[in-house]
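Below, chain A is the first sequence line, B the second, and so on; all start at residue 1. From a predicted model like this one, the values you see are computed outputs, not experimental measurements.
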2 protein chains.
Amino acid sequence: MTGTETAAMTARPAPGYGEGRQALLAAAVHVVATRGLRHLTYRSVAQEARVAHGLVAHHFGTRDALLEAALEFSLANSVGSISAAPGSGDLEAIFAGVVEMVQANPDDQAFQYELILEARRRPELRPHVVQVYATYRQALRNELDAAGIRADDALVHLVFAAVDGLVFQQVCLGDPDAAGAGVKRLRDLLRPLA
Amino acid sequence: MTGTETAAMTARPAPGYGEGRQALLAAAVHVVATRGLRHLTYRSVAQEARVAHGLVAHHFGTRDALLEAALEFSLANSVGSISAAPGSGDLEAIFAGVVEMVQANPDDQAFQYELILEARRRPELRPHVVQVYATYRQALRNELDAAGIRADDALVHLVFAAVDGLVFQQVCLGDPDAAGAGVKRLRDLLRPLA
DNA sequence: GGCGGAACTGTCCACCTGGACAGTTGTGAC
DNA sequence: GTCACAACTGTCCAGGTGGACAGTTCCGCC
């Protein structure tokens, strides 16, 4: 336990009565994002949440169920608008702020990528992933339409995958400037389609 | 252990004398890709490789070292040309066959994505990841140049991230048709730049 | 204050894991 | 055949884990 972690432990207050479940969900996201799925144990997540490790079994029953609940929690907390000005048709507003958001809080993205990979092995996670991807793609289609771009499935799929890739690389290799420049170039490529 | 796995166990021959190290590397890739990093243990990888688990310590010393060696192994085995006709300038040849390759062997890609995420937590993995990404980007730049597209860093970064995202989604959600259509649309977007 | 139920704690236990290590086997050189 | 060394095996052990569970605490209602 490094000094940094000690400080973090001291700073995080123990959850109040009735707040344990929420604290465990947030803790699971953090542990997975920073240490990987391998280190998500009853004890590590409980320690992160400042509760006893038996509470994991109490609220979630199993580690797997905790993970599924944490994925739902993370996705519910991260779904936002893909445009800074929804419905405006302003291409510059599409994906505006994404890079900054990822830079400010890479843990949620990292957690989600970890769980998306895990969904290959855990069928019960898959519907959540599919649902969120579909939601984002539909929103993107709407924004492209508003911008005067007739977006077929392939274009929507590509554009969303491009941003997915930019974010993945930003999270993993940490170069927000390159990600931002990539988003700009993406808009440049889309502009002539309007 | 399911019937399928039993058959796989029966089918995979024990490595010959002196082949254990290689077998363990390939086994590590397979175990991580199919079961996740969490289930990569001395015993699971040894079982997959049909050797005794002590051989992991013998050849690699630690689990971490095995992982690093497996990443190098995987990257070395997967780096190929990004164009079906390198240097030809043929846009249709860029990324040709990528979707089919991923579909035929998703394990390598999945393994790499797992390790790329792990690189966030394991500094010693990072140089390998950075190196391969850089290699691919340089190759992409060369192909775009040959196609008459003056590709700045941002465009190269975007195009590569787009394919990264398409492959990631293909590996995780398994829709090669959408990935293929995405690649085509990517070429469509690039064509006017030539 | 008493009660019931939910939230929470901390102990227990069977099993698993990383890795050390002594002993065995295989190989190539002489 | 002998020797040296690398590859390999399988046992051992301290520590960690998932999860069960009895007991404690908290809370809202009466």
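Note: NE2 (B:H59) to C1' (D:dT9) measures 12 Å, nearest angstrom. Summarising the geometry, the separation between CZ on B:R50 and P on D:dC8 is reported as 14 Å, rounded to the nearest angstrom. Whole-Å rounding puts the B:Q22 CD to D:dA7 C1' distance at 15 Å. Atom CZ in B:R21 sits about 22 Å away from atom P in C:dG26, given to the nearest Å.
Among residues two or more places apart in sequence or in another chain, the ring-ring contact (aromatic ring centres under 6.0 Å, His included) test is passed with A:F111 by none. Under the salt bridge (charged side-chain N to carboxylate O under 4.0 Å, His left out) criterion, A:D175 pairs with no residue, sequence neighbours left out. Scored by the ring-ring contact (aromatic ring centres under 6.0 Å, His included) test, B:F95 finds no partners at all (sequence neighbours excluded). Shown here are the salt bridge (charged side-chain N to carboxylate O under 4.0 Å, His left out) partners of A:E124, two or more places apart in sequence or in another chain: A:R122. Residues meeting the ring-ring contact (aromatic ring centres under 6.0 Å, His included) test with B:Y42, sequence neighbours left out: none.
Within residues 115-123 of chain B, no residue has any heavy atom under 4.0 Å from DNA chain D.
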Which atom pairs, one a donor and one an acceptor, fall under 3.5 Å between side chains of residues 66-75 of chain B and the rest of the protein, sequence neighbours left out?
{"from": "B:E68", "atom 1": "OE2", "to": "B:H128", "atom 2": "NE2", "distance (Å)": "3.1"}
{"from": "B:S74", "atom 1": "OG", "to": "B:Q112", "atom 2": "NE2", "distance (Å)": "2.9"}

For residues 177-194 of chain B, run the donor-acceptor check on the side chains, cut-off 3.5 Å, and write out each pair with its distance to 0.1 Å, sequence neighbours left out.
{"from": "B:R185", "atom 1": "NE", "to": "A:D152", "atom 2": "OD1", "distance (Å)": "3.4"}
{"from": "B:R187", "atom 1": "NE", "to": "B:L91", "atom 2": "O", "distance (Å)": "3.1"}
{"from": "B:R187", "atom 1": "NE", "to": "B:I94", "atom 2": "O", "distance (Å)": "3.0"}
{"from": "B:R187", "atom 1": "NH2", "to": "B:E92", "atom 2": "O", "distance (Å)": "3.4"}
{"from": "B:R187", "atom 1": "NH2", "to": "B:I94", "atom 2": "O", "distance (Å)": "2.9"}
{"from": "B:D188", "atom 1": "OD1", "to": "B:R191", "atom 2": "NH1", "distance (Å)": "2.9"}
{"from": "B:R191", "atom 1": "NH2", "to": "B:E92", "atom 2": "OE2", "distance (Å)": "2.3"}

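Residue-level contact check: A:V51 touches the backbone only, with heavy atoms under 4.0 Å from sugar-phosphate atoms and none from bases.
Side-chain atoms of A:E143 come within 3.5 Å of backbone N or O of A:G87 as a donor-acceptor pair.
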Protein heavy-atom contacts under 4.0 Å, written 5' to 3' over nucleotides 15-25 of chain D as B (base), S (sugar-phosphate only) or - (none), form the string --BBB------
